[in-house]
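Report on the following structure.
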Amino acid sequence: MPELPEVETIRRDLAKVLVGKKITGVEVINKSPIKESVEKFKKSLLNKKIKDIGRIGKLMILDLSDDNFLLIHLKMTGQLIYRHGHQIIEGGHNLPVFKENDLPTKYTWVVWKFNDGGQLYFNDMRKFGYLKVVDKEVKEKIVAKYGIEPLTKNFTLANFKKALGKRKTSIKSVLLNQVLIAGIGNIYADEICFAAGIHPGRSVAEMSETEIKKVFTASKVILKKAIAHKGTTFKDYVNAHGGKGNFSDYLQVYKRVGEKCLRCKKGSITSKKIAGRSSHYCPICQKVIS
DNA sequence: CGGAGTGTTAGTCG
DNA sequence: CCGACTAACACTCC
């Protein structure tokens with residue numbers, strides 16, 4: 001599923017082709033992602049222009065010309081595919097690279113048509129994702145609920161420490177908590193913990209200043225690197241450029257169970273449920289210090 | 001074939 | 001308030 005680097009990649013790619021375009025058609029094949037009346041949804045989008053595309057955490061925000069906003073959350077299996085003739089730009093949960101005749105797929109629920117002939121498809125196998133048009137006030141309320149976003153100037157060590165607080169829970173659980181830190185999901189949480197040399201199950205309350213600093217720095221480094229590589233194509237994710245994300249080549253622990261640790265060359269990567277999620281780590285260089 | 005596991009997160013329960 | 005757990009859904013893997 002798309003995490004911050006993947007959603008950011010789609011955002012950038014779609015902005016290039018959608019900003020300034022007018023929505024001339026909205027087709028709803030399945031209304032499951034639409035949490036309001038379909039009529040209202042269509043009406044609020046029809047004949048509006050896309051002014052800009054933004055993002056908070058894993059949520060995409062399309063600015064419309066009437067100052068309302070289309071929110072798109074892909075959750076686990078959502079995909080956004082833009083097609084204009086032979087040109088395909090895709091992003092989201094894993095797919096084979098689409099060809100123009102593959103669309104719509106059996107999981108396409110919504111199709112938008114644009115004034116230049118382009119079309120945007122929203123696919124979502126498991127139907128967890130959502131689409132919502134909201135006014136500025138509601139949009140700001142939703143954005144305000146998100147925690148600090150790594151890679152912005154808000155993401156300072158002081159703010160990071162404030163987010164961690166004196167929580168009893170594990171560092172992994174905090175990294176995954178969107179209310180505290182926006183955009184990190186299961187893959188990057190594990191990669192960040194590995195880069196920091198910290199066990200994902202380490203209790204936040206017991207972490208030293210040095211350990212906190214390591215996780216803080218690793219968060220920025222890993223996410224920046226992942227964006228530079230257009231995200232991770234793992235099983236489900238494909239980026240919005242017709243090509244696959246390739247950060248998967250750089251994954252150190254995620255889905256490497258049983259393989260030798262790439263850092264210490266001694267430990268074999270272990271998987272265990274931590275914070276309710278499958279977690280991958282090296283039991284030798286990510287020891288729980290107590 | 002059956003059952004467990006899967007990138008998210010909102011909601012519930014203790 | 002905080003944290004742990006689960007449901008929403010559909011497919012893949014063992």
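Residue numbering restarts at 1 for every chain, and letters A, B, ... go by the order of the sequence lines. Excluded from the calculations below are hydrogen atoms, water molecules and symmetry mates; all remaining heavy atoms, backbone and side chain alike, are included.
Note on ring orientation: taking the six-membered ring where Trp is involved, the planes of Tyr250(A) and Phe247(A) are parallel (angle under 30°, cut-offs 30° and 60°).
For Thr217(A), the side-chain contact (heavy atoms from CB on, under 4.5 Å) criterion is met by Val221(A), not counting sequence neighbours. Applying the side-chain contact (heavy atoms from CB on, under 4.5 Å) rule to Arg55(A) yields the partners Leu4(A), Val7(A), Glu8(A), Arg11(A), Glu149(A); only residues at least two apart in sequence or on another chain are considered. Checked against side-chain contact (heavy atoms from CB on, under 4.5 Å), Ile284(A) has the following partners two or more places apart in sequence or in another chain: Cys264(A), Lys266(A), Cys282(A).
The listed nucleotides are dT8(B), dC11(C), dT6(B); the one nearest the side chain of Lys106(A) is dC11(C).
Taking a 4.5 Å side-chain heavy-atom cut-off between Ile, Leu, Val, Met, Phe, Trp and Tyr, the cluster of Val257(A) contains only that residue.
Residue contacts shown for Ser32(A) are absent, as no nucleic acid heavy atom lies under 4.0 Å away.
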Contact pattern, 5' to 3', of nucleotides 1-10 of chain C - B, S or - by protein heavy atom under 4.0 Å: --SS---BBB
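Rounded to the nearest Å, the gap between the C1' atom of dC11(C) and that of dA10(B) is 23 Å. Going from the P atom of dC9(C) to that of dC1(B) covers 24 Å, rounded to whole Å.
Here dT8(B) presents its C1' atom at 16 Å from CG of Leu175(A), a figure rounded to the nearest Å. One can place NZ of Lys255(A) at 10 Å from C1' of dC13(C), the figure rounded to the nearest angstrom. Taking atom CG on Leu176(A) and atom C1' on dT6(B), their separation rounds to 14 Å, with Å as the unit. The distance between atom CG of Leu71(A) and atom C1' of dA10(B), rounded to the nearest whole Å, is 16 Å. For the pair Ile184(A) CD1 and dT8(B) P, the computed distance is 11 Å after rounding to whole Å. Going from atom NE2 of His73(A) over to atom C1' of dA10(B) covers 11 Å, rounded to whole Å.
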Could I get a table of every N or O pair under 3.5 Å where one atom is in the protein and the other is in nucleotides 11-14 of chain B?
none

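Sorted by first and then second residue, the ring pair (Phe, Tyr, Trp, His ring centres under 6.0 Å) pairs with a member in residues 151-170 of chain A read Phe155(A)-Phe160(A), Phe155(A)-Phe216(A), Phe160(A)-Phe216(A); sequence neighbours excluded. Within the structure, no pair that satisfies the side chain to side chain donor-acceptor pair (under 3.5 Å) test touches residues 126-135 of chain A, not counting sequence neighbours. Within the structure, side chain to side chain donor-acceptor pair (under 3.5 Å) pairs that include any residue of residues 171-181 of chain A comprise Thr169(A)-Ser173(A), Lys172(A)-Asn186(A), Lys172(A)-Asp190(A), Lys172(A)-Ser279(A) (at least two apart or interchain). Legend: side chain to side chain donor-acceptor pair (under 3.5 Å) pairs involving residues 32-45 of chain A, not counting sequence neighbours, sorted by first then second residue: Asn30(A)-Ser32(A). Sorted by first and then second residue, the pairs that involve residues 190-213 of chain A and meet ring pair (Phe, Tyr, Trp, His ring centres under 6.0 Å), not counting sequence neighbours, are His199(A)-Tyr281(A).
Between Leu71(A) atom CG and Phe69(A) atom CZ the span is 9.0 Å, to the nearest 0.5 Å.
Lys145(A) has no side-chain polar atom (N or O) that falls below the 4.0 Å cut-off from OP1 or OP2 of dA10(B).
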Secondary structure of DNA chain C in dot-bracket form (Watson-Crick or G-U wobble, distances below 3.5 Å, | marking inter-strand pairs): .|||||||.|||||
